[in-house]
There are 2 protein chains.
Amino acid sequence: MKMSRDSIRGICDALEQAGIRPTHQRILIMKYLAEYRVHPTAEMIYSKLKEEIPTFSKTTVYNTLKLLDEKGLISALATDEDQVRYEANMTPHGHFKCIQCGALFDLDLACSLPPEKEVGGHLVLEYQVMAKGICRSCRGG
Amino acid sequence: MKMSRDSIRGICDALEQAGIRPTHQRILIMKYLAEYRVHPTAEMIYSKLKEEIPTFSKTTVYNTLKLLDEKGLISALATDEDQVRYEANMTPHGHFKCIQCGALFDLDLACSLPPEKEVGGHLVLEYQVMAKGICRSCRGG
DNA sequence: ATCATTGCAAACACTTTGCATACGC
DNA sequence: GCGTATGCAAAGTGTTTGCAATGAT
């Protein structure tokens, strides 16, 4: 994985602003999430970065993902899979999952997000939308 | 758990129509899901029904839930918890999760479901909506 | 008699934890 | 030097699987 000096600087800044020491491992994990927007699992991150840091451990992946999630730099995605998926895209958006190939895409929901802030007496702070269907490439596009 | 004879008959019918033999265990699990609409976990179902059938096993819970899900009689809910939650409500609806007490409610989405069947080139077959916030009782209502 | 269902125990997969080593300020 | 980060190994948790016993037709 090649890195531009600028994007590394941006990641370091973001980490420091969140009160997180920008270590080599943490930067690489953030970089991976920012660059490969496939909503990877901990395992995917681990096996990829293991190539660059031979001593890299899964513990560090889990530690770091948990930390970044708590600090609001990334978010964990609940899916019907057994593995948690992560993403660095923190702007409001939904997701589309292809029931055929399993790929997970970001979805722009500008026109379809429900506007209500209160439903059935409950105060709504956030909507998570997961659409399912057949993705563009599986349809043969 | 008390059972009306009518609801048992309805459950048996539904199971048979799905090609599932209506055994005692399966009926109880369906009945539990139909009656206690709290979106229980396998563990919750197990510990409750264990009271009625002392030999009841978790394997049967998992076997049955998987079978019922495959046959379309119940659905499994992906949440950010580590345990899967199940429900027998098969009409289109969303969910609301209280970030304070953890309770999970059904949500009527008639007015807020996005109408698009195609987004970004992907064919959408289903939308799952998970709202999060503070539930009515946690707000003090 | 045959085939499906149940249920115990063991296996599994993902994640977390305990603790010793190594690193950065 | 001291406190944090890392990483190995072990434990933990939810779920699945292998297989023998049981039950239904």
Side-chain angles (χ1 to χ4, degrees), chain A residues 8 11-12 15-16 18-33 39-71 73-86 102 104, chain B residues 8 11-12 15-16 18-33 39-71 73-86 102 104:
Chain A
I8 292 180
I11 287 169
C12 286
L15 289 172
E16 276 169 350
I20 299 171
R21 261 230 306 265
T23 66
H24 189 201
Q25 285 86 337
R26 288 168 177 170
I27 293 169
L28 282 180
I29 289 172
M30 275 299 281
K31 192 68 174 32
Y32 184 90
L33 281 168
H39 311 84
T41 63
E43 172 64 36
M44 289 165 70
I45 297 170
Y46 169 72
S47 38
K48 177 65 183 173
L49 299 187
K50 180 85 174 172
E51 297 172 8
E52 301 188 38
I53 319 173
T55 62
F56 199 51
S57 83
K58 262 189 192 170
T59 305
T60 299
V61 177
Y62 283 113
N63 284 343
T64 302
L65 290 173
K66 189 183 172 195
L67 181 68
L68 295 174
D69 188 20
E70 284 167 1
K71 298 293 186 177
L73 296 181
I74 66 173
S75 60
L77 249 73
T79 70
D80 47 10
E81 297 158 31
D82 45 3
Q83 296 173 75
V84 179
R85 283 163 166 268
Y86 296 88
L104 202 51
Chain B
I8 292 180
I11 287 169
C12 287
L15 289 172
E16 277 170 349
I20 298 171
R21 220 202 277 157
T23 65
H24 189 202
Q25 285 87 337
R26 287 168 177 169
I27 292 169
L28 283 179
I29 290 173
M30 274 300 281
K31 192 68 176 30
Y32 184 90
L33 281 168
H39 311 83
T41 62
E43 172 64 36
M44 290 165 69
I45 296 170
Y46 169 72
S47 37
K48 177 64 182 172
L49 298 187
K50 180 86 174 172
E51 296 171 8
E52 301 189 38
I53 318 174
T55 62
F56 199 52
S57 84
K58 261 189 193 170
T59 305
T60 300
V61 177
Y62 283 113
N63 284 344
T64 303
L65 289 173
K66 188 182 172 196
L67 180 67
L68 295 174
D69 188 19
E70 285 167 0
K71 298 293 185 177
L73 295 181
I74 67 173
S75 60
L77 248 72
T79 70
D80 48 9
E81 297 158 31
D82 44 3
Q83 296 172 75
V84 179
R85 284 163 166 268
Y86 296 88
L104 203 51

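Not measured: the values here are computed from a predicted model. Proteins get letters first, then strands, A, B, ... in listed order; numbering begins at 1 in each.
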Notebook entry, point to check: Roughly, in whole Å, what's the span from CG in A/N63 to C1' in D/dT4?
Noted result: 12 Å
Margin query: Closest approach to the side chain of A/D82, judged atom by atom: which nucleotide of D/dT4, C/dC14, D/dG14 is it?
Written below: C/dC14
Note to self: Between P on D/dG7 and CG on A/L65, what's the gap in Å once rounded to a whole number?
What the structure shows: 14 Å
Check: Can a side chain N or O of A/T41 be found less than 4.0 Å away from OP1 or OP2 on C/dC14?
Finding: no
Note to self: Just the rounded figure in Å: distance from P of D/dG23 to CZ of B/R26.
What the structure shows: 16 Å
Notebook entry, point to check: Just wondering, more than 12 heavy atoms not from B/K71 lying within 6.0 Å of its NZ?
Noted result: no
Note to self: Can you tell me if A/Q25 touches the phosphate of D/dG7, counting only side-chain N or O atoms and a distance under 4.0 Å to OP1 or OP2?
What the structure shows: yes
Check: In whole Å, what is the span from the OH atom of A/Y86 to the P atom of C/dC14?
Finding: 13 Å
Notebook entry, point to check: Starting at CZ of A/R21 and ending at C1' of D/dT4, how long is that distance when rounded to a whole Å?
Noted result: 5 Å
Check: Which of the following nucleotides, C/dT6, D/dT13, D/dG7, is nearest to the side chain of A/T60?
Finding: D/dG7
Note to self: In this structure, how many angstroms lie between the P atom of C/dC8 and the CZ atom of B/F56, rounded?
What the structure shows: 11 Å
Note to self: Can you measure A/I53 atom CD1 to D/dC8 atom P for me and round it to whole angstrom units?
What the structure shows: 12 Å
Margin query: If I take atom OH in residue B/Y46 and atom C1' in nucleotide D/dT13, what distance separates them, rounded to the nearest angstrom?
Written below: 15 Å
Next item on the list: Assign each of B/T59 and A/E43 to its nearest nucleotide of DNA chain C by heavy atoms, then name whichever residue's nucleotide is nearer the 5' end.
Entry: B/T59
Checklist line | Closest to the B/Y62 side chain, choosing from D/dG7, C/dC14, D/dT16 | finding: D/dT16
Notebook entry, point to check: Can you tell me if the side-chain N/O atoms of B/S57 get under 4.0 Å from OP1 or OP2 in C/dC8?
Noted result: no
Item checked: From NZ (A/K50) to NZ (A/K58), nearest 0.5 Å -> 10.0 Å
